[in-house]
Amino acid sequence: MAILEPDISDVAHALTPRQTEVVRLAALGLTAKETARRLGISKTTVDEHLTEARRRVGASSKSHLVGLAVAAGIVAG
């Protein structure tokens with residue numbers, strides 16, 4: 001069975017500005033706790049943003065999400 005990858009051009013449009021910000025910080029290697037501190041939100045909210053971003057773009061993991069974001073040009077590679 002073939003694995004279907006999301007259309008990279010749709011990734012940037014699928015995420016809200018806050019989700020994009022959280023994904024960018026994840027790509028920099030920040031933990032959810034560090035991201036929460038930096039953005040002034042709870043760790044739970046960061047986790048929810050990452051989960052929803054993964055769902056929106058069809059990513060199977062946080063690493064996959066970051067990879068798609070890099071491929072889409074949302075974050076520097």
Side-chain angles (χ1 to χ4, degrees):
M1 173 167 36
I3 297 174
L4 298 176
E5 284 293 319
D7 184 350
I8 296 301
S9 63
D10 292 339
V11 171
H13 301 302
L15 302 179
T16 66
R18 186 61 122 184
Q19 289 167 352
T20 300
E21 189 172 20
V22 169
V23 170
R24 284 183 177 142
L25 293 173
L28 291 173
L30 273 69
T31 65
K33 188 174 181 180
E34 292 166 335
T35 297
R37 233 181 272 131
R38 183 174 289 193
L39 298 179
I41 59 179
S42 73
K43 178 191 173 297
T44 301
T45 301
V46 171
D47 291 335
E48 289 170 354
H49 282 309
L50 289 170
T51 298
E52 179 61 14
R54 283 180 48 211
R55 187 196 66 75
R56 287 179 175 220
V57 302
S60 59
S61 66
K62 184 167 96 172
S63 298
H64 188 199
L65 174 63
V66 169
L68 291 172
V70 169
I74 295 171
V75 298

N/O donor-acceptor pairs under 3.5 Å from side chains in residues 32-40, not counting sequence neighbours:
from: Glu34; atom 1: OE1; to: Thr31; atom 2: N; distance (Å): 2.8
from: Glu34; atom 1: OE1; to: Thr31; atom 2: OG1; distance (Å): 3.4
from: Thr35; atom 1: OG1; to: Thr31; atom 2: O; distance (Å): 3.0

Mind checking side chain to side chain contact (heavy atoms under 4.5 Å, CB included) for [X] and listing every partner two or more places apart, or none if nothing turns up?
X	result
Ser60	His64
Ala53	Leu15, Gln19, Val23, Leu65
Arg55	Glu52

#### Entry: Pairs touching residues 20-30 that satisfy side-chain hydrogen bond (donor to acceptor under 3.5 Å, both in side chains), sequence neighbours left out
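Qualifying pairs: Arg18-Glu21.
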### Message
Ser42: which residues meet the side chain to side chain donor-acceptor pair (under 3.5 Å) condition with it, sequence neighbours left out?
### Response
Thr45
### Query
To the nearest 0.5 Å, what is the distance between CZ (Arg56) and NE2 (His13)?
13.5 Å
